[in-house]
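Read the structure below first, then the notes.
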Amino acid sequence: MGNKSVTSYDVARAAGVSQSTVSRALRGDPRVIEETRERIQALAKEMGYVPHITARSLITRRSSSIAVVSGDLRNPSYPTLVNTLQDRFAQHDYRVLLMSDRTEGSLEKDILALRGGLVDGVVFISARLDSPIVSEMIDWKIPLVILNRDVDGS
């Protein structure tokens with residue numbers, strides 16, 4: 001196939017099924033009989049098919065990503081929390097986007113991307129009390145979990 005990425009339509013043609021059957025089979029949908037699902041999974045692997053995350057998120061309206069906003073990772077408690085969160089989210093097929101508010105103003109630029117649907121939610125584990133970011137995320141209606149701090153007025 002050269003440089004061209006293999007699509008689910010390519011897998012469907014090779015398997016002799018519809019693209020929606022390929023999609024359901026790769027998600028493990030029980031409506032696809034096991035023999036067909038196994039054949040599609042084997043073909044997808046053989047062909048080098050990798051689901052396109054952005055395309056999938058347009059259909060599902062979910063990114064399957066969670067932002068974890070951490071304080072300075074040189075503090076020994078943060079890596080432990082981040083690793084634990086990452087392990088737990090991975091069990092539910094979520095990827096973790098790690099953001100750090102280690103330096104003044106560094107997070108403000110990055111956090112704007114969260115408004116555009118980059119992540120499905122945020123876990124904020126920083127102990128910085130002077131960051132206006134938490135209030136902004138609450139105003140933006142981004143699903144938010146806050147660990148290790150209180151938020152005034154919320």
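The first residue of the sequence shown is numbered 1, and numbering continues consecutively from there.
Interatomic distance, OG of Ser18 versus CZ of Arg24, reported as 5.5 Å (0.5 Å rounding). Atom CZ of residue Arg95 and atom OG of residue Ser64 lie 5.5 Å apart, to the nearest 0.5 angstrom. Separation of atoms OG1 (Thr7) and CD (Gln19) is listed at 8.0 Å; rounding is to 0.5 Å.
Ile66 meets the side chain to side chain contact (heavy atoms under 4.5 Å, CB included) test with Phe89, Tyr94, Asp120, Val123; sequence neighbours excluded. For Arg13, the salt bridge (charged side-chain N to carboxylate O under 4.0 Å, His left out) partners two or more places apart in sequence, or in a different chain, are Asp10.
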Using residues 33-45 as the side-chain source, report each donor-acceptor pair under 3.5 Å to any protein atom, sequence neighbours left out, with the distance given to one decimal.
from	atom 1	to	atom 2	distance (Å)
Arg37	NH1	Asp29	O	3.1
Arg37	NH1	Val32	O	2.8
Arg39	NH1	Ala15	O	2.6

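Each side chain to side chain donor-acceptor pair (under 3.5 Å) pair with one or both residues in residues 138-147, not counting sequence neighbours, would appear here, but there are none. For residues 81-93, the side chain to side chain donor-acceptor pair (under 3.5 Å) pairs, not counting sequence neighbours, are Arg88-Gln91.
Checking Thr80 against Ser77 by side-chain atom types alone, no donor-acceptor pair falls below 3.5 Å.
Residues Tyr49 and Val6 come closest through the heavy atom pair CD1-O, 3.3 Å. When all heavy atoms of Tyr78 and Ile125 are compared, the pair lying nearest together is CE2-O, 2.8 Å.
In this structure, the side chains of Val82 and Ser70 come closer than 4.5 Å at one or more pairs of heavy atoms.
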key: Pair Phe124-Leu144, side-chain contact (heavy atoms from CB on, under 4.5 Å): steps then yes or no   = CA-CA 7 Å; Phe124 198 89; Leu144 176 66; 4.2 Å; yes
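Taken together through direct or relayed side-chain contacts under 4.5 Å among Ile, Leu, Val, Met, Phe, Trp and Tyr, Val145 and Leu85 form part of one hydrophobic cluster.
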